[in-house]
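Here is the structure we will look at, set down as structure tokens.
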Amino acid sequence: MAENLWEIRRRKRMKVRDLAAKSGVPAAVIHQYEAGEKPVSEAHLRQLARALIVETWDIKSLSDPKPREERTAPKAKLSGEPRPPKPPGPRRPPAPVRPSQITHLLGLAARFADVDRTSLEAKVGKPLEELTAKEAGQLLKELQERIVLEHPPGTGQPFDRHRAYLPEGVDQFEFQYLTAAQKAEHTLCMTLFDGQLIEGEIVGFSPYHITLRQPGGEEITLSKLAIAYYRRQEN
Amino acid sequence: MSLGDYVRYLRATKGGPDFRTVSEATGVSIRSLREIEQRYRRVGEDDQDLHKLADYFGVPLAELTWRRERWRKLLSQALYSALRENRPIRLILRDGPAFEGRVLWWDLGATELELPGGQGRVVVQRHAVDDWELL
């Protein structure tokens, strides 16, 4: 005699998410079947039967809804009604300003003739040491935005740079240097941390490695982390 | 060399154990290890963590605490000031020479100095810089 889907699942000691993972039928759809909201489709019937190790005719096409006290998913979630708000937990105090943020603020302020510690503290109404980390972050953001406004990218100034969230941003200038050296076929002399000297022409490079062709024709790839410094070989 | 660069160097000299291995050996959390190596601001505030790392890597604690005061952003600011104000800077490399010259360019990985007296130019990898001084 055919049984409700949820009865078979519970007898097999499976959770909805386990049945969903095993059968390939989405968990939300299984909930709808178990709630009796729609009949089980033919394709899903075969998948669910295989996952539950029963015959397709053992599963009722249209389940009787589970008894109310046995429902695990809140009804509001299925019907689209918003859940009641969670009671607020204990609030953590805001994180205090980090010393490095103050150093950074003062460093950025030094770029402007009209900004210093006094003016920053007058703006926020308290000593910088009493800021929260969030307030300091906001001040930093304002100063950085002002820098971009006054020195827009692409104006060719020596300290023109963009945020280093890409490897090209991290080593923008070294990239240009190595590109020029590669095109001009300059010989570079690399000094490694262990004192080794390796010289050659650049074959290729990435943000993390440089490949050189040594005078004997051999190629060697060096990790930049192994390199202390390098110079162009003067002919 | 910042604390982060130094810990990365020590990890490499020990055969390159990953964060999990170091964490299990020292008791320092993976999160703290990642913060120490990857952040450009001042990190490593917990002296107990630095103690554990110093023991693990077999270096004096002072080597770590000294480098904690030289976080990467500080060097960036020094290079920026040197470039902007056209002031010479001295870069003291770990286990190597010191270079004194004017900054031609810098980024987060390296900087090029023009050395005085016709000595030419040199590109210094920033992770090799132990200490610096604006002149």
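Labels below follow one simple rule: chain letters A, B, ... track the order of the sequence lines, proteins then strands, and each chain is numbered from 1. Hydrogens, waters and symmetry mates play no part in the numbers below; they use all other heavy atoms, side chains included.
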Measure the spacing between CD of Gln101(A) and CG of Leu128(A) and express it to the nearest 0.5 Å.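 If I round to the nearest 0.5 Å, the distance is 10.5 Å.
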Is the shortest side-chain heavy-atom distance between Ser119(A) and Asp116(A) below 4.5 Å? yes
Contact part of [X] toward chain A, heavy-atom cut-off under 4.5 Å: side chain, backbone, both or neither?
{"X": "Glu112(B)", "answer": "side chain"}
{"X": "Phe99(B)", "answer": "side chain"}
{"X": "Leu115(B)", "answer": "side chain"}

For chain A, which of Arg126(B), Arg42(B), Arg94(B) has the most heavy-atom pairs under 4.5 Å?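 Heavy-atom pairs under 4.5 Å are most numerous for Arg94(B).
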Ranked by heavy-atom pairs below 4.5 Å to chain A, first place among Ala128(B), Ser81(B), Gly120(B) goes to Ala128(B)
Should Glu114(B) and Arg102(B) count as an ion pair when the cut-off is N to O under 4.0 Å? no
Going by an N to O cut-off under 4.0 Å, is there a salt bridge joining Glu142(A) and Lys123(A)? yes
Within 45° of the ring axis of Phe19(B) and under 6.0 Å from its six-membered ring centre, is that where the NZ or CZ of Arg11(B) lies? yes
Side chain, backbone, both or neither of Leu188(A) within contact of chain B (heavy atoms, under 4.5 Å): neither
Lys126(A) atom NZ, over 12 foreign heavy atoms within 6.0 Å: yes
Tell me the closest heavy-atom pair linking Leu19(A) and Ala51(A), and the distance in Å.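 Looking at all heavy atoms of both residues, the shortest contact is CD1-CB, 3.8 Å.
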Please confirm whether Phe193(A) and His127(B) have ring centers closer than 6.0 angstrom. yes
With a 4.5 Å heavy-atom cut-off (strictly below), which parts of residues 63-78 of chain B touch chain A? List them by number. Trp71(B), Lys73(B), Leu74(B), Gln77(B)
Partners of Ala180(A) by side-chain contact (heavy atoms from CB on, under 4.5 Å), sequence neighbours excluded?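 For Ala180(A), no residue satisfies side-chain contact (heavy atoms from CB on, under 4.5 Å) once neighbours in sequence are set aside.
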